[in-house]
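Data block below; observations after.
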Amino acid sequence: MGALWPEGAEPLDEFVSRLLRVGHELYRDLPWRYIDDPYAVLVSEIMLQQTQVTRVGRFWERFLEAFPTLDALAAAAVPDVLERWQGLGYNRRALALKRTADQCAADGRGRLPDSYEGLLALPGIGPATAAGVMAFAHQVPGVYVETNVRAVFLHELFPHEDKVSDKMLEPLVAAAAFHPAAAADPRRWYYGLLDYGAHLKATGVNPTRRSASYSRQSVFEGSRRQKRAWIVRRVLAAPEGVAGAAGRADLDRAEAEAARDGVDEALFASIVDDLVTEGFFRREGALLIP
DNA sequence: TTCCTGCTAG
DNA sequence: CTAGCGGGAA
């Protein structure tokens, strides 16, 4: 591991101890930290995917209030889960989390896998989320690469390089995470990296702009994405179902009021097809039912 | 305006 | 590898 550390850089020992100290100074006391329930940790990790900390807080607490355990989530109805998710964004995450609960409840064990590979195989759980759950719920060190960790490593070890790929960062993130001083307390190590990364972004130019995986998002206003969200909300609000034609007319009117292009039947049908395929709601004849 | 503790399908 | 996916706080 140590051999992979960059020549001429600050020694790994000093790097790790300095960042542990900085992380401690910048520590954010968030409600999902230093808890042992892997399910509660997973819910926070899923919610935090591409979502700012300030937004997640109340959603995490209300979600756990409604679905306190993996079994409770598995027993819940999809529309109720989506309802709890409204306002948080990326509704797909709620469906994936629900499927994860369903799979775990059905496989006989009734709980989440406690290995990185086991977690990675579940819906909505990728490399970052799996590594996050291992570190934060199980105190198992791993390679946890997300935007704040990127910010720290780019700022510290690639201060002038551009287009730095995750493949370049991963061995370094691993070398640090498995260093005895960090591996002794993976929670503290990664909480510190997250808080330091967030601090860097808040106080200067975002270092992750120099990441190869950095890309700006397309505009939301008037997007298909916005219409998807509108349709999901509309159907959830009508437990008895919504007639497709009426839904399209409502959306068309809403778009007109926002001074945007109308929504023709082909576009509406295309979006509804996607949503039905993804499992947001079902179609019975001309009716869209939660 | 920026961009958020990413994941997935094509 | 890329496009698509929510919504709002600062």
Side-chain angles (χ1 to χ4, degrees), chain A residues 23 26-28 30-33 41-60 82 84-97 99-100 119-137 142-153 163 165-167 169 173 177 186-187 189-233 236 270-271 273-275 277-280:
Chain A
L26 298 172
Y27 182 71
R28 296 178 292 180
L30 307 172
W32 48 83
R33 289 190 167 180
V41 171
L42 175 65
V43 171
S44 75
E45 291 293 314
I46 299 285
M47 287 187 168
L48 286 158
Q49 289 170 2
Q50 291 287 285
T51 307
Q52 259 135 349
V53 164
T54 52
R55 174 100 69 92
V56 170
R58 62 194 177 90
F59 280 94
W60 182 76
L82 285 172
R84 284 285 174 187
W85 206 268
Q86 291 310 293
L88 190 54
Y90 288 134
N91 297 315
R92 282 175 174 170
R93 297 180 297 175
L95 292 182
L97 183 56
R99 279 189 213 106
T100 280
L119 289 165
L120 192 59
L122 292 166
I125 301 181
T129 302
V133 171
M134 292 309 294
F136 301 138
V143 181
Y144 181 49
V145 178
E146 50 67 67
T147 184
N148 288 317
V149 174
R150 284 193 194 101
V152 170
F153 279 78
K163 307 286 184 190
S165 70
D166 284 351
K167 287 301 170 195
L169 297 180
V173 173
R187 277 176 176 163
W189 173 245
Y190 278 120
Y191 290 155
L193 288 185
L194 293 174
D195 296 345
Y196 182 30
H199 175 258
L200 289 172
K201 294 175 184 180
T203 56
V205 178
N206 187 352
T208 59
R209 287 185 182 176
R210 295 184 289 100
S211 165
S213 61
Y214 171 80
S215 69
R216 298 179 60 179
Q217 288 196 332
S218 53
V219 291
F220 178 63
E221 284 301 312
S223 66
R224 179 187 182 92
R225 192 154 95 248
Q226 186 180 41
K227 296 179 183 66
R228 276 173 57 105
W230 188 96
I231 295 171
V232 168
R233 281 196 301 274
L236 284 178
S270 165
I271 296 176
D273 281 346
D274 286 351
L275 292 171
T277 300
E278 292 175 47
F280 282 98

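The chains referred to below are lettered A, B, ... by the order of the sequence lines, with proteins before strands, and numbering in each begins at 1. Values below: every heavy atom of this structure, side chains too, minus hydrogens, waters and symmetry copies.
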(message) Is it the case that the side chain of R187(A) and the backbone of F136(A) share a donor-acceptor pair, with hydrogens and angles ignored and the cut-off at 3.5 Å?
(response) yes

(request) Could you tell me whether the phosphate oxygens of dC4(B), OP1 or OP2, come under 4.0 Å of any side-chain nitrogen or oxygen in K201(A)? (result) yes

(request) Please tell me if the side chains of L97(A) and W85(A) come closer than 4.5 Å, counting only heavy atoms from C-beta onward. (result) yes

(request) For the pair R93(A) (side chain) and I46(A) (backbone), establish whether a donor and an acceptor sit closer than 3.5 Å, ignoring hydrogens and angles. (result) yes

(message) Work out how far the P atom of dG8(C) is from that of dC7(B), and round it to whole angstrom.
(response) 23 Å

(message) Please report the distance separating the P of dG6(C) from the corresponding atom of dG10(B), rounded so that it comes out in whole Å.
(response) 16 Å

(message) Check this one for me: any side-chain N or O of N148(A) less than 4.0 Å away from OP1 or OP2 of dC4(B)?
(response) no

(request) Quick one: label G132(A) by what it contacts on the DNA or RNA (base, sugar-phosphate, nothing), any heavy atom closer than 4.0 Å. (result) nothing

(request) Identify whether any heavy atom of V149(A) sits under 4.0 Å from a base atom; if not, whether one sits that close to sugar-phosphate; answer base, sugar-phosphate or nothing. (result) nothing

(request) Check whether any side-chain N or O of T129(A) sits under 4.0 Å from OP1 or OP2 of dG6(B), and answer yes or no. (result) no

(message) When the C1' atoms of dA9(B) and dG7(C) are compared, how many Å lie between them, rounded to an integer?
(response) 23 Å

(message) Within the 4.0 Å limit for protein heavy atoms, which parts of nucleotides 3-10 of chain C are touched? Write it as a string from 5' to 3', B for base, S for sugar-phosphate only, - for none.
(response) -BBBBBSS

(request) Determine, step by step, whether N148(A) and Y190(A) satisfy the side-chain contact (heavy atoms from CB on, under 4.5 Å) criterion, reporting the C-alpha distance in whole Å, the side-chain angles of both residues, the deciding distance to 0.1 Å, and the verdict. (result) CA-CA 10 Å; N148(A) 288 317; Y190(A) 278 120; over 6 Å; no

(message) So R209(A), base contact, sugar-phosphate only, or nothing? Heavy-atom distance under 4.0 Å.
(response) sugar-phosphate

(message) Using only atom types and a distance under 3.5 Å, with no angle test, would you say the side chain of K227(A) pairs donor to acceptor with the backbone of G222(A)?
(response) yes

(message) Return whichever of P123(A) or L30(A) has its heavy-atom-nearest nucleotide of DNA chain B closer to the 5' end.
(response) L30(A)

(request) Could you tell me whether a side-chain N or O of Q226(A) sits under 3.5 Å from a main-chain N or O of A229(A), the two making a donor and an acceptor? (result) no

